[in-house]
Number of protein chains: 2
Amino acid sequence: MTLDSTAKPRASRGRRPSRPTGDDRELAILSTAEKLLEQHALSEISIDDLARGAGISRPTFYFYFRSKDSVLLTLLDRVIQKLDQAVVGPSERLSEDPVRYWRECLEATYTTFSAHRAVLTATVQVQHTNAEIHRWRADRAERWVTRISQAIEAERARGAAPPGPRARDLAIALNLMNDRVLYSTFTGDEPAVPESDVIDVLLNIWLTTIYQTTQPIAG
Amino acid sequence: MTLDSTAKPRASRGRRPSRPTGDDRELAILSTAEKLLEQHALSEISIDDLARGAGISRPTFYFYFRSKDSVLLTLLDRVIQKLDQAVVGPSERLSEDPVRYWRECLEATYTTFSAHRAVLTATVQVQHTNAEIHRWRADRAERWVTRISQAIEAERARGAAPPGPRARDLAIALNLMNDRVLYSTFTGDEPAVPESDVIDVLLNIWLTTIYQTTQPIAG
DNA sequence: GATTGTGTCAACATTGTGTCGAGTACGTCG
DNA sequence: CGACGTACTCGACACAATGTTGACACAATC
């Protein structure tokens with residue numbers, strides 16, 4: 001998903017003035033935002049804070065972004081672009097080495113979240129109030145769910161996993177669990193699973209849920 | 001937990017004027033809020049909306065509540081009071097009939113949520129921005145976690161459940177999952193588990209996680 | 001040198017929150 | 001009865017944050 005809709009349409013990039021200007025300012029806003037998000041929730045950050053941090057006035061901010069949320073969305077877009085190429089994806093190892101496959105799925109999620117906690121936790125926080133971000137998350141979730149439920153069905157088909165609730169429903173529940181558990185682990189809201197254990201705990205739940213044991217049948 | 005802190009201290013209740021006044025207004029605000037929450041998120045509701053809905057002016061609103069959030073907190077308090085007496089609690093049936101015990105735990109959570117979805121989903125939404133509500137949820141969560149992890153340990157002790165990750169960590173993860181899954185089921189955000197299946201799906205995950213099977217050993 | 005597009009901001013308009021202080025209605029006590 | 005206190009009410013204000021407008025600057029191109 002490209003996020004053209006969020007950043008104001010910048011005119012043709014052909015001619016670039018030599019002033020200390022242009023994209024620099026946009027980047028300055030973005031990095032100010034990411035920095036501030038490490039300390040404060042998005043709701044506590046004003047547009048003025050972002051503008052000042054980037055060395056511009058508040059009205060000028062609106063030249064670059066249409067709102068605070070759209071800054072977050074752009075940040076998110078950048079994070080995910082990096083990520084989508086890093087996590088090329090637990091490939092076809094599913095039937096060969098299921099445990100490894102699922103561990104890698106989880107680690108991918110963990111890594112995503114961990115590398116840019118500030119941005120990702122902010123996203124979680126505003127998903128309820130911002131329609132665009134809400135849609136963005138729904139979209140991502142849908143793709144994960146599809147992928148995971150196909151994997152579960154494949155495992156059931158080859159007899160490695162027993163039958164059970166609809167694969168899609170399990171995938172949804174497990175996926176929501178991951179998000180929520182990682183969120184509270186990273187924000188440190190009590191009660192939370194300690195960061196050192198979080199992958200193991202989640203993996204355990206995934207495996208037992210899918211296979212009714214922690215030692216699934218390998219290829 | 002009583003929420004004295006949230007409602008302004010009403011003076012002695014001794015003398016009651018006969019005007020269409022007093023507690024009536026407070027109740028009017030509360031029911032207006034609950035009604036509006038069925039259609040809109042709390043962030044979309046202004047204090048003026050609440051005041052108008054209750055037939056008073058905005059400043060008068062502040063006579064009864066210190067803020068929008070404190071209305072929600074009071075609403076929550078009422079919901080929970082009803083609930084804490086309804087769900088007296090899956091008692092000592094744990095070792096006799098484990099499946100039933102866990103099903104009742106889940107159903108209690110489901111019922112809580114379901115009966116006052118508007119209030120509960122609003123709570124989820126503002127937990128990230130309101131410290132008081134955040135604390136309230138953390139508190140409730142902590143008590144559930146304690147209770148659940150003790151139950152898991154008891155099952156392990158009597159050999160009904162196999163060893164595994166720290167009981168507390170499982171309890172935290174399962175608990176967060178419940179909240180999150182029920183939230184999206186009730187708001188209907190896609191992807192969500194359909195309401196008709198949600199208890200079965202969650203129960204399945206709980207049982208397999210705790211017992212590594214859906215048929216635990218009964219007493 | 002005129003034109004065009006990028007970039008800038010002071011000043012304004014708007015919306016929502018919270019407060020203050022002057023008021024009104026009602027029960028009570030002299 | 002009347003004056004006193006308390007519950008209650010709201011107009012008018014102060015404030016904070018958001019978003020908009022219109023005039024202006026500068027560089028690149030014609």
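In what follows, every chain begins at residue 1, and chains take the letters A, B, ... in the order their sequences are listed. From a predicted model like this one, the values you see are computed outputs, not experimental measurements.
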Is there side-chain contact between [X] and [Y], with heavy atoms separated by less than 4.5 Å?
| X | Y | value |
| --- | --- | --- |
| A/L182 | A/V198 | yes |
| A/T129 | B/Q125 | no |
| A/V119 | A/E34 | yes |

> Does B/D49 come within less than 4.0 Å of B/K68, counting only side-chain N to carboxylate O?
Replying inline: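 Between B/K68 and B/D49 there is no salt bridge, as every charged N stays at least 4.0 Å from the carboxylate O atoms.
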Set out, line by line, the N/O atom pairs under 3.5 Å between protein and nucleotides 10-14 of chain D.
from   : atom 1 : to    : atom 2 : distance (Å)
D/dC10 : OP2    : B/S57 : N      : 2.9
D/dC10 : OP2    : B/S57 : OG     : 3.2
D/dC10 : OP2    : B/T60 : OG1    : 2.9
D/dC10 : O5'    : B/S57 : OG     : 3.4

Nucleotide [N], atom [atom2] - distance to [atom1] of [X] in whole Å:
| X | N | atom1 | atom2 | value |
| --- | --- | --- | --- | --- |
| B/R66 | C/dT19 | CZ | P | 10 Å |
| A/R52 | D/dA17 | CZ | P | 11 Å |
| A/D69 | D/dT18 | CG | C1' | 12 Å |
| A/D48 | C/dA11 | CG | P | 15 Å |
| A/D49 | D/dA17 | CG | P | 8 Å |
| A/F65 | D/dG19 | CZ | P | 14 Å |
| B/F61 | D/dC8 | CZ | C1' | 15 Å |
| A/H40 | D/dA17 | NE2 | C1' | 17 Å |

> Out of D/dG19, C/dG18, D/dT18, which has the shortest distance to the side chain of A/S67?
Replying inline: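 Of the options given, the side chain of A/S67 lies nearest D/dG19.
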> Distance check: side-chain N/O of B/Y62 vs OP1/OP2 of D/dT9, anything under 4.0 Å?
Replying inline: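 B/Y62 to D/dT9 OP1/OP2: no side-chain N or O under 4.0 Å.
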>> For A/R137 versus A/T123, what's the shortest heavy-atom pair and its separation?
In response: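 Distance-wise, the nearest heavy atoms are CD-CG2, 3.8 Å.
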> Once the angle between the rings of A/Y183 and B/H128 is folded into 0 to 90°, is it parallel (under 30°), tilted (30 to 60°) or perpendicular (over 60°)?
Replying inline: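 Perpendicular.
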